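See structure below.
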Amino acid sequence: MFRRIAALALLLTASAASAQNLRIGLREDPDIMDPTLARTFVGRIVFAALCDKLFDINARLEIIPQLATSHHWDDPKTLRITLRPGVKFHDGEAMDAEAVRYSLNRHLTMQGSFRRGEINTMESVEVVDPLTVLIRLREPSAAFLAQLTDRAGMIVSPRAAEAAGRNFGLRPICAGPYRFTERVAQDRIVVDRFAEYWNAASTTIPRITYQVISDSTVRLANLQSGALEMVQSIDPDDVGAVRRNSRLRINITDELGYQSITLNVANGARAQTPMGQDPRVRAAFELALDRQVINQVVYEGMYTPTAQPVPPTNPLHVPSFQPEPRNLERARALLREAGVRTPLAVEMTVPNSPDLRQAAEVMQAMLREAGFDLRINTMEFASSLQAATRGEFETYLLGWSGRVDPDGNTWTFMHSRGPSNDGRYANPEVDRLLDAARLEFDPARRRELYAQIYAIALRQDRGRIYLWHRKNIVAHSTRVTGFTAVADGLIRVQGLRLQ
């Protein structure tokens with residue numbers, strides 16, 4: 001209630017708005033602002049202002065240089081990267097090849113790194129000269145370059161990172177267009193324009209405030225009133241209201257990721273349940289769900305039901321792997337085969353946002369018909385991620401914003417060594433296939449490897465449940481110009497203008 005009141009109070013300050021401050025509404029509070037340790041999508045939105053990457057992607061999902069100016073594969077296992085000259089970190093230090101070497105090794109070796117699984121094919125980084133690095137891989141990788149378009153490719157100030165250690169995320173220092181100024185937990189993150197940014201002409205807005213407002217209705221109200229100029233997302237049932245408002249604009253793109261249910265099968269004591277230990281129970285759980293009905297009730301039918309982590313817009317999507325139709329008779333039979341007493345209590349951790357709570361409630365009603373007693377445990381988003389890492393969950397309704405290469409949607413979640421494999425699912429054959437998919441450059445053969453992975457991990461073992469692919473729905477005032485929508489859903493600040 002306090003956060004709702006605080007967010008509504010923004011409406012009273014709308015008259016104080018000026019072209020000096022772009023206010024962007026976020027649906028959740030980001031976790032730690034350290035690109036090595038972070039894992040939230042909303043954090044990536046803030047990082048888009050703070051931390052440039054070696055490479056980026058454009059609206060056509062092509063990989064383009066950012067801190068790099070070019071790259072070349074000297075051989076299938078040796079990547080040569082040429083860096084942009086004259087780039088400075090926010091602390092005035094030079095962004096050079098040594099900083100790249102330091103940052104990539106930090107991503108690979110730092111305890112608790114969520115980047116390790118993304119770049120663990122990397123064997124070494126060598127400094128050739130101040131503007132050239134050689135990255136040597138243990139084996140060829142079809143996915144490695146794409147990993148450098150996100151947090152694994154963000155370069156941090158070595159001096160600042162060494163001085164701060166694990167507290168670096170409290171005051172991150174990178175080489176992006178804006179520098180970190182202030183953070184108030186559960187409220188806002190403030191960044192200010194970095195005058196020495198290598199592409200300073202692309203940024204004209206002096207300050208950006210990322211305002212945390214978890215309630216979509218309140219976010220929209222603040223946008224409509226002028227207390228916000230931009231919102232990271234709105235719910236599908238609010239699209240009509242935005243389109244009817246001549247002072248607002250909306251951008252809708254298919255996302256690269258998915259919404260899923262993580263299942264705790266081996267992460268501590270909470271996995272020692274029928275749900276965690278018996279794939280028949282997990283199959284019954286999934287067969288009790290009707291993804292299309294949930295999508296229609298909660299999301300106006302706007303999302304795309306799925307059974308896999310790769311969306312239909314990606315050429316490596318497996319068209320034959322589709323959601324199974326809801327089958328209550330089979331679900332009940334599987335519970336009888338498993339010998340469980342019904343109703344079977346199952347807890348679902350749900351981030352505290354209205355649409356996810358509603359989706360969980362619809363699932364709760366569906367599951368009751370099959371013999372489950374779904375108990376919903378709502379948590380603040382960043383806290384829910386920490387709980388999942390510790391294994392303090394049974395099932396977890398969690399989204400992933402997605403990556404341009406399918407490896408970014410699969411390996412880290414399904415491989416036994418994946419840093420985001422919170423449920424600790426493990427199957428040696430799935431590990432082998434995931435590793436093989438990283439090495440395969442032929443799209444048809446790589447797609448077949450993913451089909452085999454899904455057949456084992458998702459149908460045989462029921463290691464995770466994928467639900468739907470969402471839409472990125474960004475809305476903004478007509479005062480904001482220059483926004484380019486990209487399927488990763490990030491708000492890139494280069495080119496933005498505030499009138």
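Small disclaimer: the values here were computed from a predicted structure and weren't measured.
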Test item: side-chain donor near acceptor, [X] and [Y], under 3.5 Å:
{"X": "Asp422", "Y": "Tyr396", "value": "no"}
{"X": "His107", "Y": "Ser113", "value": "no"}
{"X": "Gln494", "Y": "Tyr197", "value": "yes"}
{"X": "Asp31", "Y": "Thr40", "value": "yes"}
{"X": "Tyr466", "Y": "Gln259", "value": "no"}
{"X": "Thr262", "Y": "Arg464", "value": "yes"}
{"X": "Asp192", "Y": "Thr181", "value": "yes"}

Sub-4.5 Å side-chain heavy-atom contact between [X] and [Y]:
{"X": "Lys77", "Y": "Ile135", "result": "no"}
{"X": "Ile63", "Y": "Leu145", "result": "yes"}
{"X": "Ile261", "Y": "Leu467", "result": "yes"}
{"X": "Val318", "Y": "Val310", "result": "no"}
{"X": "Asn352", "Y": "Val350", "result": "no"}
{"X": "Pro35", "Y": "Phe168", "result": "yes"}
{"X": "Val474", "Y": "Gln232", "result": "no"}
{"X": "Leu134", "Y": "Val125", "result": "no"}

Treating [X] as the side-chain partner and [Y] as the backbone partner, does any N or O pair qualify as donor plus acceptor under 3.5 Å?
{"X": "His90", "Y": "Gly176", "answer": "yes"}
{"X": "Asn264", "Y": "Phe393", "answer": "yes"}
{"X": "Glu300", "Y": "Met302", "answer": "no"}
{"X": "Asn167", "Y": "Leu170", "answer": "no"}
{"X": "Arg116", "Y": "Pro419", "answer": "no"}
{"X": "Arg492", "Y": "Ala49", "answer": "no"}
{"X": "Asp129", "Y": "Thr132", "answer": "yes"}
{"X": "Arg166", "Y": "Gln111", "answer": "yes"}
{"X": "Asp29", "Y": "Gln186", "answer": "yes"}
{"X": "Asp431", "Y": "Ser416", "answer": "yes"}

Ring-ring centroid check Phe41 Trp400, cutoff 6.0 Å: no

Within the 6.0 Å centroid threshold, strictly below: Tyr178 and Phe194: no

Trace of the side-chain contact (heavy atoms from CB on, under 4.5 Å) decision for Arg151 with Arg44: CA-CA 8 Å; Arg151 286 170 294 203; Arg44 292 174 66 211; 3.6 Å; yes

Ring geometry between Phe144 and Trp73 (parallel below 30°, tilted from 30 to 60°, perpendicular above 60°): perpendicular

Can you list the residues that meet the side chain to side chain contact (heavy atoms under 4.5 Å, CB included) rule with [X], with sequence neighbours excluded?
{"X": "Glu118", "result": "Arg115, Gln147, Ala152"}
{"X": "Ser420", "result": "Arg39, Phe114, Thr412, Phe413"}
{"X": "Thr209", "result": "Asn21, Arg23, Arg188, Val190, Arg207, Gln211"}
{"X": "Ser103", "result": "Ile155, Val156"}

Note: [X]-[Y] ion pair, threshold 4.0 Å (strictly below):
{"X": "Glu229", "Y": "Arg479", "value": "yes"}
{"X": "Glu123", "Y": "Arg138", "value": "no"}
{"X": "Glu448", "Y": "Arg445", "value": "no"}
{"X": "Arg136", "Y": "Glu126", "value": "yes"}

On a heavy-atom basis, which atom in [X] and which in [Y] lie closest, and how many Å separate them?
{"X": "Ile32", "Y": "Gly169", "answer": "CG1-CA, 3.9 Å"}
{"X": "Ser214", "Y": "Ser353", "answer": "O-CB, 4.3 Å"}
{"X": "Ile213", "Y": "Leu228", "answer": "CD1-CD1, 3.9 Å"}
{"X": "Met379", "Y": "Thr349", "answer": "SD-CG2, 3.8 Å"}
{"X": "Leu458", "Y": "Gln308", "answer": "CD1-CA, 4.5 Å"}
{"X": "Leu104", "Y": "Leu148", "answer": "CD2-CD2, 4.1 Å"}

Nearest-0.5 Å distance that lies between atom [atom1] in [X] and atom [atom2] in [Y]:
{"X": "Asp235", "Y": "Ser216", "atom1": "CG", "atom2": "OG", "answer": "3.5 Å"}
{"X": "Leu498", "Y": "Ser477", "atom1": "CG", "atom2": "OG", "answer": "7.5 Å"}
{"X": "Glu392", "Y": "Asn267", "atom1": "CD", "atom2": "CG", "answer": "9.0 Å"}
{"X": "Ile24", "Y": "Ile189", "atom1": "CD1", "atom2": "CD1", "answer": "11.0 Å"}
{"X": "Arg390", "Y": "Leu385", "atom1": "CZ", "atom2": "CG", "answer": "10.5 Å"}
{"X": "Thr109", "Y": "Met122", "atom1": "OG1", "atom2": "CE", "answer": "8.0 Å"}

Pairs satisfying salt bridge (charged side-chain N to carboxylate O under 4.0 Å, His left out), at least one member in residues 101-112, at least two apart: Asp34-Arg106, Glu98-Arg101

Stepwise side-chain contact (heavy atoms from CB on, under 4.5 Å) test for Thr304 and Trp468: CA-CA 5 Å; Thr304 304; Trp468 49 79; 5.8 Å; no

Intermediate values then yes/no, side-chain contact (heavy atoms from CB on, under 4.5 Å), Asn58 and Val486: CA-CA 7 Å; Asn58 62 20; Val486 180; over 6 Å; no

Arg84 charged N/C atom sitting above Trp198 aromatic ring, 6.0 Å / 45°: yes

Ring-face cation contact, Trp411 with Arg438, 6.0 Å cut, 45° max: yes

N/O donor-acceptor pairs under 3.5 Å from side chains in residues 64-72, not counting sequence neighbours:
{"from": "Gln66", "atom 1": "OE1", "to": "Lys53", "atom 2": "N", "distance (Å)": "2.6"}
{"from": "Thr69", "atom 1": "OG1", "to": "Thr82", "atom 2": "O", "distance (Å)": "3.3"}
{"from": "His72", "atom 1": "ND1", "to": "Asp74", "atom 2": "OD1", "distance (Å)": "2.9"}

